[in-house]
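What follows is a short report on a single structure.
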Amino acid sequence: MKNDMSKKLSSFSESNDENTDPSGNPVSQHELNNQGFLGPIGPVGINAPALAYGSVYGSSAAVVVTAGTVVDFTSSGPTLNIAADLLANTLTVATSGIYTIHYNINLALSVISTLLSASNRIIEVALNINGTEDPTSISTYSITNISGVAAALAQAGTVSRSTIRSLNSNDVVTLGFRSTSIGPGTATYTSPSLVITRIE
């Protein structure tokens with residue numbers, strides 16, 4: 001009688017120590033405790049765009065503003081899939097996509113005035129893509145020379161702009177002065193920067 005009871009308990013224990021997976025195969029409780037059944041495979045995720053970024057920066061030494069010239073850069077920041085060329089003052093993107101482009105330039109006007117009437121110097125800055133001006137990137141800055149008597153006058157300001165646009169593989173981006181009005185004194189720029197980042 002005792003042996004019969006032991007057999008029943010043993011049989012009950014064995015039946016509770018095994019389960020079946022979705023295919024009907026027995027799986028031990030030990031296996032279940034270590035790893036459960038695999039669920040269904042989820043949907044395929046959206047591929048993120050390839051990272052791309054690059055930046056160039058100019059000197060703090062003053063450079064004369066000249067219409068029709070590109071801004072001079074002397075150093076570059078970290079780059080990935082964007083090549084910086086300090087000799088040509090360019091940034092070239094490696095892959096097509098949507099990019100943010102931001103630039104910043106410090107401008108100044110200095111003049112020795114002897115009863116000069118006040119006058120404005122208007123400076124226009126724009127991005128160029130493969131040598132073609134981007135009309136969405138134009139910034140205009142007006143520097144006013146206040147009249148004075150035998151005084152050395154100086155006025156400074158900053159021009160900056162951010163734009164989002166599509167760029168193709170191997171597009172070359174430059175920053176340049178599209179125009180500058182004629183007036184007394186010398187207009188100069190310092191510490192320019194140009195930063196490009198891919199967002200899509």
Side-chain angles (χ1 to χ4, degrees), residues 48-111 119-146 153-200:
L51 286 176
Y53 50 80
S55 56
V56 284
Y57 304 91
S59 170
S60 58
V63 180
V64 176
V65 173
T66 303
T69 62
V70 297
V71 174
D72 185 48
F73 297 106
T74 56
S75 63
S76 61
T79 60
L80 179 65
N81 293 322
I82 294 180
D85 185 339
L86 297 179
L87 292 178
N89 298 306
T90 62
L91 286 173
T92 303
V93 302
T95 56
S96 301
I98 306 299
Y99 291 80
T100 60
I101 308 175
H102 176 79
Y103 66 79
N104 186 88
I105 307 176
N106 296 325
L107 298 170
L109 172 68
S110 60
V111 59
S119 62
N120 290 340
R121 291 291 301 275
I122 298 174
I123 298 172
E124 290 185 315
V125 182
L127 294 169
N128 291 275
I129 313 298
N130 301 322
T132 301
E133 183 180 281
D134 178 1
T136 69
S137 69
I138 300 172
S139 289
T140 301
Y141 190 80
S142 176
I143 300 177
T144 302
N145 170 36
I146 303 174
L153 305 176
Q155 188 168 351
T158 300
V159 60
S160 64
R161 190 175 185 88
S162 293
T163 185
I164 298 176
R165 63 158 295 152
S166 175
L167 294 175
N168 296 317
S169 175
N170 297 318
D171 273 354
V172 179
V173 181
T174 57
L175 178 63
F177 296 104
R178 68 191 307 263
S179 67
T180 176
S181 61
I182 298 174
T186 302
T188 59
Y189 69 93
T190 58
S191 304
S193 64
L194 175 61
V195 180
I196 303 179
T197 306
R198 185 180 181 185
I199 59 175
E200 185 178 331

Passes side-chain contact (heavy atoms from CB on, under 4.5 Å), R198 versus N81? Steps please.
CA-CA 9 Å; R198 185 180 181 185; N81 293 322; over 6 Å; no

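- Remark: the Y141 side chain and the S139 side chain contain no N/O donor-acceptor pair separated by less than 3.5 Å.
- Taken to the nearest 0.5 Å, the CD1 atom of I122 stands 8.0 Å off from the OG atom of S179.
- Not counting sequence neighbours, the partners of R178 by the salt bridge (Lys or Arg N to Asp or Glu O under 4.0 Å) test are E124, E133.
- When every heavy atom of A84 is checked against every heavy atom of V56, the shortest pair comes out as CB-CG1, 3.8 Å.
- Between T74 and S59, the closest heavy-atom pair is OG1-N, 3.4 Å.
- The main-chain N or O of I123 is never found under 3.5 Å from a side-chain atom of T180 such that the two would form a donor-acceptor pair.
- The distance from the OG1 atom of T66 to the OH atom of Y189 is 8.0 Å, given to the nearest 0.5 Å.
- Between A94 and S169, the closest heavy-atom pair is O-OG, 2.8 Å.
- Within the 4.5 Å cutoff, the side chain of I101 has heavy atoms near those of the L167 side chain.
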Evaluate side-chain contact (heavy atoms from CB on, under 4.5 Å) for I105 paired with L175, printing each intermediate quantity in order.
CA-CA 10 Å; I105 307 176; L175 178 63; 3.8 Å; yes

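- Atom CD1 of I82 and atom OG1 of T79 lie 8.0 Å apart (nearest 0.5 Å).
- The backbone N or O of V63 lies less than 3.5 Å from no partner atom in the side chain of T188, so there is not a single donor-acceptor pair.
- With contacts defined as side-chain heavy-atom distances shorter than 4.5 Å, the pair V64/T186 qualifies.
- The ring pair (Phe, Tyr, Trp, His ring centres under 6.0 Å) test applied to Y53 returns no partner, not counting sequence neighbours.
- The minimum heavy-atom distance linking S193 with Y57 is given by the pair CB-CD2, 3.5 Å.
- For the residue pair T132 and N130, no side-chain donor N or O sits within less than 3.5 Å of a side-chain acceptor on the partner.
- Using a 4.5 Å heavy-atom cutoff, the side chains of N89 and T174 are not in contact.
- Summarising the geometry, atom CG belonging to L87 is positioned 10.0 Å from atom CG belonging to D72; distances are rounded to the nearest 0.5 Å.
- Y103 has its side chain out of reach of P192: every pair of non-hydrogen atoms, C-beta onward, lies at least 4.5 Å apart.
- A heavy-atom distance below 4.5 Å is not found between the side chains of L127 and R165.
- A side-chain contact (heavy atoms from CB on, under 4.5 Å) with Y99 holds for exactly one of L91, V93, T197, I164; it is V93.
- Between the side chain of R161 and the backbone N or O of T136, at least one donor-acceptor pair lies under 3.5 Å.
- Between atom OG1 of residue T163 and atom NE2 of residue H102 there is a gap of 12.0 Å, rounded to the nearest 0.5 Å.
- Between D171 atom CG and S96 atom OG the span is 7.5 Å, to the nearest 0.5 Å.
- At least one side-chain heavy atom of I98 sits under 4.5 Å from a side-chain heavy atom of S166.
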